[in-house]
Structure formats: C-alpha cells, structure tokens
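Have a look at the structure below before the remarks.
Here is the naming used below: chain letters follow the sequence lines, and residue numbers restart at 1 for every chain.
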There are 2 protein chains.
Amino acid sequence: CVTEFPNSDGQKGPLIDHAEGQRFLNDTFKVIMEEVLSKGADVKEKVCEWRDPAELRRLLDLELLEDGQPHDHLLQQVKEMVKYSVKTNHPRFYNQLRFLTEALNTSQYTYEVAPVFVLMEDVVLSKLRSLVGWSDGDGIFCPGGSVSNIYAMNLARYRAFPQVKLKGLWSVPRLAVFTSEEGHYSICKAASMQGIGLENVFLGAVPFLVSATSGTTIHGAFDPLDLIADICEKYGLWMLLGGGGSVLFSKKHRHLMKGIERADSMTWNPHKMLLTGLQCSAFLLKDTTDLLKHCHCANVTYLFQKDKFYDVSFDTGDKSIQCGHKVDCLKLWLMWKAVGTRGLEERVDKAFFYTRYLVQEMKKKEGFQLVTEPQFMNVCFWFIPPSLRGKQNSDYYQERLSKVAPAIKERMVRQGSMMIGYQPQAGRVNFFPMIVHSPQISEQDVHFLLNEIERLGGDL
Amino acid sequence: CVTEFPNSDGQKGPLIDHAEGQRFLNDTFKVIMEEVLSKGADVKEKVCEWRDPAELRRLLDLELLEDGQPHDHLLQQVKEMVKYSVKTNHPRFYNQLRFLTEALNTSQYTYEVAPVFVLMEDVVLSKLRSLVGWSDGDGIFCPGGSVSNIYAMNLARYRAFPQVKLKGLWSVPRLAVFTSEEGHYSICKAASMQGIGLENVFLGAVPFLVSATSGTTIHGAFDPLDLIADICEKYGLWMLLGGGGSVLFSKKHRHLMKGIERADSMTWNPHKMLLTGLQCSAFLLKDTTDLLKHCHCANVTYLFQKDKFYDVSFDTGDKSIQCGHKVDCLKLWLMWKAVGTRGLEERVDKAFFYTRYLVQEMKKKEGFQLVTEPQFMNVCFWFIPPSLRGKQNSDYYQERLSKVAPAIKERMVRQGSMMIGYQPQAGRVNFFPMIVHSPQISEQDVHFLLNEIERLGGDL
C-alpha cells in the first residue's frame, strides 16, 4: 500500500510551493487592504452593488471543478466577490487586528493548546464581569448572542433541576420561561431546542427563568432590572439579561441598566456596538460553584486527563457545548488594550450623542415621524411622503403608508446608497428601525440619511 | 443633551486617524506574515514555548487599562502573544485566504446582506451533498461539528414529534438515542442540552435517532453504515452520520463509508482534515421538505419580511439556531477552487498514505506497540521503554506503562518539540492516539516522530 502512492515527495509539489504561495498571500493581502478595507470604508463607494440572485449567479464563477484555478484567475474571483458583497467595514483599524485570530487559528480548550488565550479570556471576562458589578463568577466566549442565551437557559434549568442532565425533562414538572413581548427571538429558539416548547415561554407551570432585555432589538427599550430582580430573588428564578452590555462602559448612561448586578447571567456582544469584528460574544455569569462545568462537562478523557503535569483548572474546554471555541477574546482584548477603557467609553457616549442628534434633526424636518421616543441607539420612524402629509384621517392612509418603507428600501438597495431595514410591528405599519451603533457616524452622515430618504421617497 | 458632547468632530480624533491606522495595519500584517505564518510553519521552530500558567501571566502584559497603548507597545504584545501560542500553521497558503472571511466581516442571514455568500454556500453545500450521494437536500455551515450534531438531533426529534417545538418534551414519550461506545461526546452534550437526558442515550423507550460515526475520534473506526441504515429504515429512525466526510473525495478510500447516501444527515468538518482554518463545519441533510426551516424558524419580522422585492427563499438566516452565521463557506470554496476536486483528493490520499507509512516504520522498530490496526488516519500506540521490554507478565508492567505516555508528553511540551495527546481507554492504560490528518506530513516527519519519542522516553 505504501509504495502505491503516486507522489510521495512530501514537501514539494503544487500544494506547497513556498515562494509562489507567499506571493499569492501578499497579493491577497493587497486586495484585502485596497478593495475591502479602504474602498469598503469609503463613504463615496456604494454600500452594495445590487444584483438579483439569478443574475449574480451568472456574474460569479462559483462552480467548483475537478482542476484547480491559476492564481490570477482566483484573485480576479476574489475581487468580484468583494465587489458584489455588502460593505460592512468602517475606517476603524483596531478591529482589523482580528486577522490575528484567524492567523493563529487556535481552538481553545486546554491550557497546553492555547496558553495565551486561556489567560487572556480570563482577563477579558473578569473585566466585563466587573463592569456588570460581579467581583467573581464565570463565563465563556460563544458563537454569538443567541448561543449565549442558549447557555443561560441550559444553566438555569440545570440549577433548578440538575436531574434533567441525566434523566431528561420527563423527570421534572412542565417548565416555563418569562420574557417580554419585545424580548429577543433567540429565547424562543432556545426553548424549542431545549425541549421546553414554545408554548411554555410566557405560560404557567413551574417558572425557572426570566429573560430580561437591555436595549430591545427594535425599540431599544430597557426592562426595569431592579423590579425583575426583586421577583426573581423572591421565587428563586434565574435572571437572564441580554443586550446593552457596552452601555456599562459609559458612566453617563449606565443608569439605564440599574440593577444589572442582580442578574444571574449576562449575554454581551462586543461584535455589535464595539464593532470588534464577527464573532465576539461573551456569556458571563455570577455563579461561583462551577455550574458551567457541571452542567456541560462530558469528561472527555482524551482531552482532559487528570494526570497532567500542570494545574488542569486551566483546561476550560469542557465548559463549552462544543469543546474548543475560537479565541474570540483576542478581538476585544486588542481593541481594549489599544484604546483603553476610556476610549471604549468615548465610543459609547458618541453613539448616544449621535442618536440624540439624529432625533433632533429629524424633528426639524417635515415628513419624519418617530414611532417612540428613543432610550438607546434605536430610532424607529416613518417617512411620510408629501402626498400623505395631513391625510392621517383618510381611509387609505395606513394602507399607503405601509408601502412607503418597502419602496424606499428597494430603491436604496438597488442604488446601493444605504442599508436600513423596515418592518411592521404590533399593529403599526412598516416603519424604519434604525440603529446608530457605529461610533463612526458623523453629523454629515445624519444629514445624508435624512436627505437620502427624502430624495428616495419624495414622489411616493 | 446634544451640545454637551465633548468631542463631536465625527470623522477626526484618535479613533480614526487614517494614515496612522493604515501604517499600524500594515505592521500587523507583517507580524502575521513573518511570525505567525512563516515561523509558525517552520519545522525548525518549536511547536510551543511552554510556560506554567502563573509564569505566563507574569510574562504577558494582559491587563486592560483606562488608557490605550501606543502602537509600538501593542505590536510588541502581539509578538509576545504569538511567541507563547502553540503553532498551528502549516506552509499551506490557500487556507490563508480565510483572512478574506474576516476582512469581509459579513454575517449571513438574508440575500441582501450577503448576496455572494448565500449563493456560494449553496454551491458548496450542493457539491458536498453530491459527494455524499444526495442529488438534492439542504444544509448549513455551523460553528463546529458539535453544533452540527445538535442540529441533527433537533431535526430528528422534530421530524418524529413536531409537537415538541410548541409543547416541549412532556407531550411525547420518553425518547432514546443510540450511538456506539466510541461515538463522539457531542451526542451526549446534545442529549443533555435538548432535555433528553444522558441516561436516554443508549437506553430503551422510543428511539428516534441513531448516531453513526465514520472515523471515531480515538481509533478512527468506521461504523457499518449499510447495516445501520437497514435498521433505521425499518424503524423510521433518523440516521445521523458524523465524521469522515473528507474521505469521500478519495475514489480509493470512500468504500469505508459505503451506505453513506442512506443517512439522513451528515456532520462534515473541512476545518479538520482539509485544514481550511477554524471554523468551517457543514451540516448536510437529505431532506427536501424544508425541515431545517420549519424546525428552527422564529419568523422574525424585522429581518425576514415577506413583502421584499426579490425572491425571499434566498434569505436563509431563519434556518439557523442563531440568525446570522459566519461566511465560513468561503474558506472551503476558495481552497476547492484553487486546487480543484482532484487536489483535495490528492490530499486525502496522501494522509492515508502517510498513516500507512507511519505504521510500517513503527513496526520495524522495537518498543512501539499498536493498540489496534488503523483503518483511518488514527494510529494508537504505546511506547515501551527499554526498561519494560519483555516484562509484559510482571505485576508492575501495566502500572509503570501507564506513566510512560504522561512523562513523555510533559517532556515534549516543555521542550516544545511536538504536540500529541495521550489517554487511557476501556481498561487500556495511557497510550498515544496520534492522528495523521495533515497532508503536509513527510517521510522525514514520520522518522522524526518515532526518533523523538525514543529520545524522550528512552530512560523511563
């Protein structure tokens, strides 16, 4: 069998031509620098070069073939790919340090495979916890906020009914989860995945978890944390808090989350407001009984041997639902180290400032109507085109207004000038739920936004 | 409120100095190229510069401060970090294209936010499915194989008992999952998280899922897929297949997975054998009834509006348990495009070849003893130091042999020469479970491995 192999020269061959590979990698970095980071961050460039699915499939050479492609062709493909992708970059260079995470390509589960990152994650989680107000506790970086919420629900159930881990839900009474109507949908996804069932979110039976939100997805509303904590403490319920973490950097605005230190867990996404780069999401908990480990451990012998020559409490992999997790802590650590706690606070304050500024400018204009007065970075509003102004009482008003946001959105995407969503909600017809979470925004951007909506929707 | 803000100059200030940022990013790329990619791939460099947790914490300046750090200091930190991290790189340049994934920083959930990647994922998943033998089906890229397995278990349960999504597990009989003793531990983690309970993995009650494995973690064993499929078909059970996906590229070796096309789902990790870079993990399924969507959808109105101006079947986000997922398909797509299907096949064949070669060379040497004859890339073996050779029948043999692998491992990590795990299993004392999944390995590497173990353990 050994001698059959056609090409056993090991270190040679087209797979690993060092000089050629190096040249190619340099070329790719150049494309990343020029096309993705510089052009992508240039406000004069389109947000997106829109193409319909069928047309885009024709334009891109996506097919995978028997034979490999020459470098020049591949680089051309890379440029095309960048051209038709939505530009998500901002001229923020610190968050580009996340390339390091990719370069190191480390999976984090034992100290010996990721010594630096086990320690780093510990530092970052502990700093985040201290912003929450917990002097001790636990935590882990997750592949996104939804997964952090799944963790919280799993731990809450485990704390209330540890037998579920072995015997399943049949061994306990029907459970219930409480959240607000504006709570994040990941709570429902978690309830269905965890066998609790969607109908047991909000309903009776034995409650074990209350999901509170700081900065709801659409309106940016803050739940009254102290009131919720009072109830959770009284009945021994797990208080899960999702969202708003970055507000804690701001001395001026953190009162919005008063009572947060009374929560049991916190789902915090630095990849949102701090723009650390996807993904960077922390799950924090106040617990000091090693619940994260007891609840998730599978005691895998080939990774977590007890007879190692160092303190195996640094082998943190079995706390996760996977085993290894990406070293996402590096992204936040580098940004934090680079700009300091003060720099992060400034960013948050700036985002609040520009939200207020947007609202102030919006109120000066005819044709913009707020859905609610913003507490956070969310500004929900309708654009009322001239043809509908003063017609609030007509039969056709709501019906025609509901078509305005989708029409403006279509023009905006086709022209590539901006990217804002729209949606109906709770009896309200389609409105724009705008979020100002980029500290990058300027006064000019605010005016551009308002003028552009007037331009796109003026004739509707 | 607006006028209070101390520094509202928007596009200026230390956060976004363009030229300075560009210089810093260039410097960082240089570190990535030189320290991480070139040195990291140099076999003459240590795998790891070992430090105890306490010492490493002293060596690194991990603390996060109020103020930001100057660039030079930060770059120095980056170099230190690289120095003490385990080197996971290989001189394989195509997989460095994954930097693009980071640069584009796109989350994939609707066509309008990720047009290129929605189409690309579709192409990649469809190519993978065709290697499985499914002409149609569905799939999604996941944050790792454990999460893919969680998906499979959730879908299997949903197909068998759709009421679980709404009413929870109390509405159905006690469920059971079957797997082999060597099956991956993620099945247990999933069973506990999904409320099925660990005791219902393997046990009686109503079976709904059989978890089959191709290439078990330790021994690289292949379950008899056709036999398992016969039983699953007869009783209507979901057949989950995990592992071994890359073997399907090899015409010579894919017979090991005969019957695979009869599985219901497949968990495939190109970030393992194909080294695409973490993370790149596909969940594939044969189902054509949109189960992935029905099972996971939360019908989030602010992302998945039905009144959009294009075909919303391209908005695939609600199929996931998060919402957006990273554009991990790009990593595999670029590598595949670059080397072609033939190039991938060559890599797989090469890994098989060197596994056989390692075993052949091992057998020529005194002191190496195989645990089992390898089927796949896994070579499990004991090193018997000269002091124990021929002593198999002594009372102390097993006890002393059990201490050999940990002792060699400690020396290996402290000297930074290699990185292999060890473990006891099923009454067998500590052995080395070696996996030859790098197509990078050469004959010299094989000899180095054997000689190094002899050198490290010769005096034990």
A/Met193 vs B/His296 side-chain heavy atoms within contact, under 4.5 Å = yes

Please find the pair of heavy atoms, one from [X] and one from [Y], that lie closest to each other, and give the distance.
X: A/Ile196; Y: B/Trp170; answer: O-CZ3, 3.4 Å
X: A/Trp333; Y: B/Asp61; answer: CZ2-O, 3.4 Å
X: B/Cys295; Y: A/Ser192; answer: O-OG, 4.2 Å
X: B/Tyr111; Y: A/Leu56; answer: OH-CD2, 3.3 Å
X: B/Asp122; Y: A/Arg57; answer: OD2-NH2, 3.9 Å

Chain A: which of [options] shares the most heavy-atom pairs with it under 4.5 Å?
options: B/Lys403, B/Lys409, B/Gln163, B/Glu80; result: B/Lys409
options: B/Leu119, B/Val124, B/Val123; result: B/Leu119
options: B/Gly195, B/Ser171, B/Gly168; result: B/Gly195

query = How long is the span from the CG atom in A/Leu65 to the NZ atom in B/Lys337, to the nearest 0.5 Å?
reply = 5.0 Å

key: Which portion of B/Asn154 sits near chain A, non-hydrogen atoms under 4.5 angstrom   = side chain

ask   = Side chain, backbone, both or neither: which part of B/Leu166 has a heavy atom under 4.5 Å from chain A?
value = both

Residues that B/Asp307 engages under side-chain contact (heavy atoms from CB on, under 4.5 Å), provided they are two or more places apart = A/Pro406, A/Tyr422, A/Asn430, B/Gln305

ask   = Which residues pass the side-chain hydrogen bond (donor to acceptor under 3.5 Å, both in side chains) test with A/Gln77, sequence neighbours left out?
value = none

